[in-house]
2 protein chains.
Amino acid sequence: MNFQNLIKEFKKKGYKLTPQRRIILEILSEEKHISAEEIYERIRSSQPNVSFGTVYRNLNILLELGLIKQLDFKDGRTRFELNEGHHHHLICLNCGSAVEIQSCPFSSEVQKAAISQNFSIKSHSFKVYGYCRNCNYKKEKKGDRKGEQRN
Amino acid sequence: MNFQNLIKEFKKKGYKLTPQRRIILEILSEEKHISAEEIYERIRSSQPNVSFGTVYRNLNILLELGLIKQLDFKDGRTRFELNEGHHHHLICLNCGSAVEIQSCPFSSEVQKAAISQNFSIKSHSFKVYGYCRNCNYKKEKKGDRKGEQRN
DNA sequence: CTTCTAAATAGGAATGGTTATAATTTAAGA
DNA sequence: TCTTAAATTATAACCATTCCTATTTAGAAG
């Protein structure tokens, strides 16, 4: 879903289109797995009075509408991205970077397990944790991961 | 790994065996996906002076030793369980309950994707979100999930 | 059994992400 | 242009988790 369609969808549900919302949607359509704080910082560079409340309120609305999904990369903050192109992530335990993988492991076996429990599936999450190309390299070189920065 | 082996493993690594630690290990070997607060409450019923710091410090040590793993059920608190018997979970979005599934979807396709990225895998997480048997039933009956309690 | 000391704990303060509140502003329909 | 429900701002509150420091203790050594 592109930017224009996002806005259309948003208005269709009866929400007002404020400048703040427009920018949040813009940022989300440019950037993957972005955190609330990063969105806040980016809006502030053009609109210095935007508050955290606005960012979180609108992220929660977008979640309810199913337009975005939240990601947990185990770095203490929730991340968000547009809910398009089903995919999963390889997440680096050292630098926090995430790479998309298109391969989805959801199987009929899982489905059977759910059915046998009378469990109705709404979504699933698959995450692979480890060390990325870059951090692997540094580990071999220096044998030290303490000073690294998570970005 | 049973309780006695847990303690053995713990001492082998050079940690002192305090009464607080013994109880935390006891609780973890009795209860699956338990939160720090629940552990705190349960210890307090027999040892009223235990602090949250002690609970969290020891949970983090156990994580480092690989004796427990942390779970995220999207209810705002981290949960923990002994790291034994690889399995995944069906997590109810309404009541927060979790049911183990033995089926693991990790595939050679995922492995290939990781290799092609020079990504070295340490662990993975697979979670299925939806509504459990019980909450499905209530939804059909009442069409209302607002008043439900997450347990 | 005592002494010693590094490690662990208790209690409370601090932190950081997120949510709530209340007064003010505004999008957009009439 | 007027009106008003909805949205925003600024700030306080919340809550899980971590940090700090004085005190206690497990376990090694004598």
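Lettering of chains follows the sequences in order, A, B, ..., and the numbering in each one begins at 1. Quantities reported herein were computed from a predicted structural model and do not represent experimental measurements.
B:V99 and B:F73 fall into different hydrophobic clusters, where Ile, Leu, Val, Met, Phe, Trp and Tyr are joined by side-chain heavy atoms under 4.5 Å apart, directly or via other members. Follow the hydrophobic side-chain contacts under 4.5 Å out from B:L62 and you reach B:Y15 in the same cluster. The cluster map of Ile, Leu, Val, Met, Phe, Trp and Tyr, joined by side-chain heavy atoms under 4.5 Å apart, puts A:F52 and A:F80 in the same cluster.
The B:R44 side chain lies nearest to C:dG11 when the options are C:dA28, D:dT17, C:dG11. For B:N49, taking side-chain heavy atoms from C-beta onward, the closest of the listed nucleotides C:dG11, D:dT8, C:dA28 is C:dG11. In the set D:dT9, C:dT9, D:dT17, C:dT9 carries the atom at the smallest distance from any side-chain atom of B:T54. The side chain of B:K16 lies closest to D:dA26 when the candidates are D:dT9, C:dA28, D:dA26. Listed candidates were D:dT9, D:dA5, D:dA26. Nearest to the side chain of A:Q20 is D:dT9. Among the nucleotides D:dT25, D:dT17, C:dT18, the one closest to the side chain of B:Y56 is D:dT17.
Both A:E37 and B:I61 lie near DNA chain C, and the one whose nearest nucleotide falls closer to the 5' end is B:I61. Comparing B:T78 and A:P19 against DNA chain D, the residue whose closest nucleotide sits nearer the 5' end is A:P19. Taking for each of B:Y15 and B:F80 the nucleotide of DNA chain D with the nearest heavy atom, the 5'-most of the two is the partner of B:F80. Of the two residues near DNA chain C, B:G53 and B:G14, the one whose nearest nucleotide lies more 5' is B:G14.
Regarding contacts with the backbone of D:dA7, a side-chain N or O of A:R21 is found under 4.0 angstrom from either OP1 or OP2. The phosphate of D:dA7 has neither OP1 nor OP2 within less than 4.0 Å of any side-chain N or O from A:N58.
At whole-Å resolution of the value, NZ in B:K13 and P in C:dA7 are 17 Å apart. For A:Y40 and D:dT11, the OH to C1' distance is 11 Å, given to the nearest whole Å. When the P atom of C:dT9 is taken as reference, atom CD1 of B:I39 falls 14 Å away, rounded to whole Å. Protein atom CD1 of A:I43 is 12 Å distant from nucleotide atom C1' of D:dT8, rounded to whole Å. The separation between B:K11 atom NZ and D:dT25 atom C1' is 14 Å, rounded to whole Å. Put simply, CZ on A:F10 is 14 Å from P on D:dA6, counting in whole angstrom units. Atom CG in B:N60 sits about 15 Å away from atom C1' in C:dA8, given to the nearest Å. Taking atom CG of residue A:L71 and atom P of nucleotide C:dG17, one finds them 17 Å apart after rounding to whole Å.
Checked against B:F119 for a side chain to side chain contact (heavy atoms under 4.5 Å, CB included), the options A:L90, A:I101, A:N136 give a single hit: A:L90.
Side-chain contact check for A:H124 and B:H88: no donor-acceptor pair (N or O, by modelled atom type) lies under 3.5 Å.
Between B:E9 and B:K12 there is a salt bridge, with a side-chain nitrogen of the basic residue lying less than 4.0 Å from a carboxylate oxygen of the acidic one.
Among the atoms of the strands shown, base atoms are found under 4.0 Å from some heavy atom of A:S51. B:R57 comes within 4.0 angstrom of a nucleotide base, judged by non-hydrogen atoms across all strands.
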